[in-house]
J.: 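Okay, here's the structure, questions in a sec.
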Amino acid sequence: MRASLIQIGVDEGESVDSRRRRAASLVREQSGADLVVLPELWTTGAFAYEEFAAEAEPLQGPTYEVMAGAARDAGVWLHAGSIPERTASDGGSGADDGPLYNTSLIFSPSGELAAAYRKIHRFGFDKGEAVLMGAGTELVTVRLPGPATTPGPATAPGPATTPASATTLGLATCYDLRFPELFRGLVDAGAEILVIPAGWPERRRSHWTLLTQARAVENQAYVLACGTAGTHAGVPQAGHSIVVDPWGEVLGEAGSGEEVLTVEFDPGKVAATREQFPALKDRMLGLRPPGR
């Protein structure tokens, strides 16, 4: 399986529309990948709290339309990172003046929305995202079919395909990384690849590296964690998008600037690792594996 993590730079001097177009272009360039991932809140910047309300959009808004087209053109599974989602009012008026959510969008190679995940753990304690956005309540997984082939780009002549293995993605976002019980729940739901878009700050980069490896090792799963480059509302970003295998080995890591990190790996290693070292079967507390 080939995954491309797009560590896009967020520059306050660039408009949201311009960044959407640029992100879509970067997605289309990954046409040989099976899975492409964008970071958290890359349209606004994860720390640009004052922009959340102004730039919030409905689920099927401008970012949805642009990313659906990019996924279809590239013929890839696309985790389009997250957006500030504005929901309809509870009053039934139909107006988009309800709560905001930090919502991730996942598209199939045909450009269909396969899943949406609302971030459960909001960062900020008593300010920022924690008070401006609502909390999600549902764990979300996405099954990538196989053994099969992944279509090539829509504009390619002929049936260009890439072998792909069946696997299940478990979705989380940034601050969720600090809460291991969420990932146990995803594993119990069948997750083998944990996908984590983020807007992680440079000042806590050591935690980013530590926690991504910890989540991989304790869940015997791949971790694909995609951060941003640049500075969000004066907060320098860590970058350093990372791919970690089920044994905690770092398969690839980006630097601090804008770049695309592409890594190839075998999803079958998850089942092999869990069989070779069946630690998950010895769980005694909390959620239990299916069938126990």
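Below, each value reflects all heavy atoms present in this structure, side chains not excepted, and no hydrogens, waters or symmetry copies.
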J.: Just by distance, do the side chain of Glu264 and the backbone of Ala3 share a donor-acceptor pair under 3.5 Å?
T.: no
J.: Would you give the length of the straight line joining atom CZ of Phe107 to atom CG of Leu113, rounded to the nearest 0.5 angstrom?
T.: 5.5 Å
J.: So how far is it from Ile6 CD1 to Thr228 OG1, rounded to the nearest 0.5 Å?
T.: 13.0 Å
J.: Would you mind telling me which of Val270, Val263, Thr273, Leu251 makes a side chain to side chain contact (heavy atoms under 4.5 Å, CB included) with Asp245?
T.: Leu251
J.: Can you tell me if CD on Glu50 sees more than 12 non-hydrogen neighbours from other groups inside 6.0 Å?
T.: no
J.: If you compare all heavy atoms of Ala254 against all heavy atoms of His240, which two are closest, and at what distance to 0.1 Å?
T.: O-ND1, 3.1 Å
J.: Given the rule in the salt bridge (charged side-chain N to carboxylate O under 4.0 Å, His left out) test, do Arg283 and Glu218 qualify, once you have shown the distances and angles that lead to the verdict?
T.: CA-CA 11 Å; Arg283 292 165 58 195; Glu218 68 193 8; over 6 Å; no
J.: Hydrophobic clustering (ILVMFWY, side-chain heavy atoms < 4.5 Å, transitive) - are Tyr117 and Val223 grouped together?
T.: yes
J.: Less than 6.0 angstrom separating the ring centers of Phe183 and Phe179, yes or no?
T.: no
J.: May I ask you to decide if the ring planes of Tyr49 and Phe47 are parallel, tilted or perpendicular, using 30° and 60° as cut-offs?
T.: tilted
J.: Indicate, with yes or no, if Leu59 and Tyr101 share a hydrophobic cluster defined by side-chain heavy-atom contacts under 4.5 Å among Ile, Leu, Val, Met, Phe, Trp and Tyr.
T.: no
J.: Shortest non-hydrogen contact from Leu38 to Val27?
T.: CD1-CG2, 4.2 Å
J.: Between Tyr175 and Val10, is there shared hydrophobic-cluster membership here, with clusters defined by ILVMFWY side-chain heavy atoms closer than 4.5 Å?
T.: no
J.: Are Asn102 and Arg118 close enough that a side-chain donor and a side-chain acceptor fall under 3.5 Å?
T.: no
J.: Without hydrogens or angle criteria, can the side chains of Thr44 and Glu51 be said to hold a donor-acceptor pair below 3.5 Å?
T.: no
J.: Looking at Pro267 and Tyr222, what are the two nearest heavy atoms and their distance?
T.: CA-CE1, 4.0 Å
J.: Say you draw a straight line from OG1 of Thr63 to CH2 of Trp42; how long is it, rounded to the nearest 0.5 Å?
T.: 5.0 Å
J.: For Asp176 and Lys119: C-alpha separation, side-chain torsions, deciding distance, then whether salt bridge (charged side-chain N to carboxylate O under 4.0 Å, His left out) applies.
T.: CA-CA 7 Å; Asp176 283 335; Lys119 185 180 181 182; over 6 Å; no
J.: Looking only at the side chains, is there a donor atom on one of Thr43 and Arg20 sitting less than 3.5 Å from an acceptor on the other?
T.: no
J.: Is there a path of hydrophobic side-chain contacts, each under 4.5 Å between heavy atoms, that joins Ile120 and Leu100?
T.: no
J.: Starting from the C-alpha separation in whole Å, work towards a yes-or-no answer on salt bridge (charged side-chain N to carboxylate O under 4.0 Å, His left out) for Glu181 and Arg184.
T.: CA-CA 5 Å; Glu181 61 274 17; Arg184 282 292 200 237; over 6 Å; no
J.: For the side chain of Arg122 and the backbone of Leu132, is there at least one donor-acceptor N/O pair under 3.5 Å apart?
T.: no
J.: Measure across Asp11 and Arg19 and return the closest heavy-atom pair with its distance rounded to 0.1 Å.
T.: O-NH2, 2.9 Å
J.: For the CD atom of Glu192 and the NZ atom of Lys269, what is their distance to the nearest 0.5 Å?
T.: 14.0 Å
J.: To the nearest 0.5 Å, what is the distance between CD1 (Ile242) and CZ (Arg205)?
T.: 10.0 Å
J.: Give the cluster check for Leu41 versus Ile8: same hydrophobic cluster or not, with ILVMFWY residues linked at side-chain heavy-atom distances below 4.5 Å.
T.: no
J.: Give the ring-plane orientation class for Trp200 versus Trp208, where under 30° counts as parallel, over 60° as perpendicular and anything between as tilted.
T.: tilted
J.: Give me the atom names and distance for the closest heavy-atom approach of Ser4 to Gln30.
T.: OG-OE1, 3.4 Å
J.: Work out which heavy atom in Leu35 is nearest to a heavy atom in His79; give both atom names and the distance.
T.: CD1-N, 4.4 Å
J.: Can you confirm whether the side chains of Ser82 and Glu40 place a donor and an acceptor under 3.5 Å from each other?
T.: no
J.: If only side-chain N and O atoms count, and only distance matters, is there a donor-acceptor pair under 3.5 Å linking Glu253 with Ser241?
T.: no
J.: Just by distance, do the side chain of Glu12 and the backbone of Ala233 share a donor-acceptor pair under 3.5 Å?
T.: yes
J.: Kindly say whether Arg2 contributes a backbone atom to a donor-acceptor pair with the side chain of Asp34 at under 3.5 angstrom?
T.: yes
J.: What's the spacing between Leu169 CG and Arg143 CZ if we round to 0.5 Å?
T.: 9.5 Å
